[in-house]
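It should be emphasised that the depicted structure is a prediction, and the values quoted were computed from it without experimental measurement. Remember, it's 1-based here, ligands and their atoms both numbered in the order they're listed. Computed from heavy atoms alone, side chains included, the values below leave out hydrogens, waters and symmetry copies.
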Amino acid sequence: MRQDPLGYLSTELQALRDQGLYRRLRVLDDEQKARTSIDGRSVVNLSSNNYLGLTTHPKLRQRALDAIRRLGVGSGSVRTIAGTMQVHMELERKLAAFKRTEAAVVFQSGFTANAGTVSSILGRDAVIVSDELNHASIIDGARLSRAAIKVFPHRDVAAARRILQDVPRGTRTLVITDGVFSMDGDLGALPELCELADEFGGIMMVDDAHASGVFGSHGRGTVDHFGMHGRVDVQVGTLSKAMGALGGYVAGSRALIEFLHHRARPFLFSTSHPPSVAATCLAAIEVLEEEPQLIERLWENTRFFKSGLQALGFDTGASESPITPVIVGEGARAMALSDRLFEKGVFAQGIGFPTVPQGKARVRTIVTATHSREELQFALDAFKAAGGDLGVI
Ligand SMILES: Cc1ncc(COP(=O)(O)O)c(C=O)c1O
């Protein structure tokens, strides 16, 4: 009989079970929204990136349906062959205007935007100076580029400076940070890193996945929030989180964008978005421009929920955004807290190593503009009870 050559995977899965880190996929029975049904249970949902509730916004839904009726369900090709439709071009024009850059290019996801960009604009001879908590897609892009990767401790600008001082003059250098860190909810040291990039002649890049639609005027991101327009060479954003649909984009100079058209591998070698996705994202930008009250409500809810958790005695780390971690230490404890919350009607996912460092496991919460006060209070009451049961508070 043939031995299973993948047998070692089962051994590794068993190890995860033994450590209490094995996770079954939770399945939504309903739409992605603030109160929904997951695995047959009605829950207050604190785990989506649907910051503004746009996944179910009537305008986006209608635009998607119109696009399907008018243009079908698929683009049928990669962008560089036959998969560029007018609606893709219109979205890119709109994104560039929104981000106040010369041009923009859309990728299939934020992940491919980061990985495709970092890997194509740099080569073996370059140095990448990267915050230690930068997203996996930046790390993968950096590895694919074959550049030297120099990691500085989280937000430690002095350490980044020391790295840059050691880089031989004339070396092509990229300084890169997340705008909002996805597991901690704190902000990248963007203004200080821009100064460093300027001083050492480096390229400055920010991944604003969790800042798009959340920070800056009408959700333009951290570049706008910090008044850094013109100082950041490469801005990445997602269309998958606050924008409610799917995709990622790069905004920057026309030369950068045209270069990506020719060299970014996900752009060249993977099919473009269905027209309905591009049409939905166009509608999302319109909503950001027309309904700023959504962002105001997101921030009111964020203040209410974060201060509520803190008043209960939870460790919420250094969060400055709607992402609020509840840090509990060991992975198994975070999973137990998440499970206990679920039993009480609140969905907040436990996150452990390797997504966050050992000993820093957490339950990660994200509020949205569409949570009602009652739902957030219900969630705080559940945290109080579950945290008390498990001795977290
Ligand atoms: C910081 C950061 N960058 C990039 C991404 C990838 O974005 P997307 O989900 O659109 O691929 C994510 C999402 O998980 C993220 O948190």
Side-chain angles (χ1 to χ4, degrees), residues 23 25 32 46-52 54-55 60 91-92 95 99 104-119 128 130-144 151 154-155 174-190 193 205-216 219 221-223 225 232 234-251 264-267 270-274 277-278 280-281 284-285 317-325 349 351 354-356 362 364-366 368:
R23 301 311 282 169
L25 297 178
Q32 178 60 266
L46 293 177
S47 285
S48 87
N49 303 311
N50 182 25
Y51 291 103
L52 302 175
L54 298 197
T55 55
L60 276 67
L91 175 59
E92 288 169 345
L95 280 168
K99 299 294 275 192
V105 57
V106 170
F107 287 77
Q108 299 84 352
S109 68
F111 196 106
T112 54
N114 270 329
T117 301
V118 174
S119 60
I128 298 174
S130 177
D131 188 291
E132 69 175 331
L133 295 188
N134 277 345
H135 191 255
S137 52
I138 293 175
I139 297 168
D140 286 7
R143 288 178 181 154
L144 284 169
V151 173
H154 184 46
R155 292 179 44 87
L174 174 75
V175 179
I176 183 163
T177 183
D178 281 7
V180 176
F181 287 88
S182 57
M183 293 299 140
D184 290 84
D186 55 345
L187 298 184
L190 190 63
L193 292 175
M205 175 165 170
V206 66
D207 168 12
D208 252 350
H210 284 279
S212 312
V214 176
F215 279 89
T222 57
V223 173
H225 172 77
V232 177
V234 188
Q235 294 185 55
V236 166
T238 55
L239 302 162
S240 335
K241 301 184 193 295
M243 309 296 264
L246 177 70
Y249 59 91
V250 180
R265 292 170 72 83
F267 188 84
S270 183
T271 297
S272 55
H273 280 159
V277 171
T280 308
C281 295
I285 302 171
S319 168
E320 303 165 79
S321 72
I323 300 173
T324 306
Q349 190 64 272
I351 314 263
T355 309
V356 295
R362 63 202 59 194
R364 175 178 179 250
T365 69
I366 301 183
T368 71

With hydrogens left out, which residues have an atom under 4.0 Å from ligand 1, given that only heavy atoms count?
-> S109, G110, F111, N114, H135, S137, D178, S182, D207, A209, H210, T238, S240, K241, G247
State, with a plain yes or no, whether a side-chain heavy atom of M205 is found less than 4.5 Å away from one of N114.
-> yes
D178: side-chain hydrogen bond (donor to acceptor under 3.5 Å, both in side chains) partners, not counting sequence neighbours = none
Not counting sequence neighbours, which residues clear ring-ring contact (aromatic ring centres under 6.0 Å, His included) with F181? List them please.
-> H154
Point-to-point distance, once rounded to the nearest 0.5 Å, from OG1 of T368 to CG of N50 = 6.5 Å
For F107, the ring-ring contact (aromatic ring centres under 6.0 Å, His included) test, sequence neighbours excluded, returns none
Just checking, any donor-acceptor pair under 3.5 angstrom between side chains of S212 and D208?
-> no
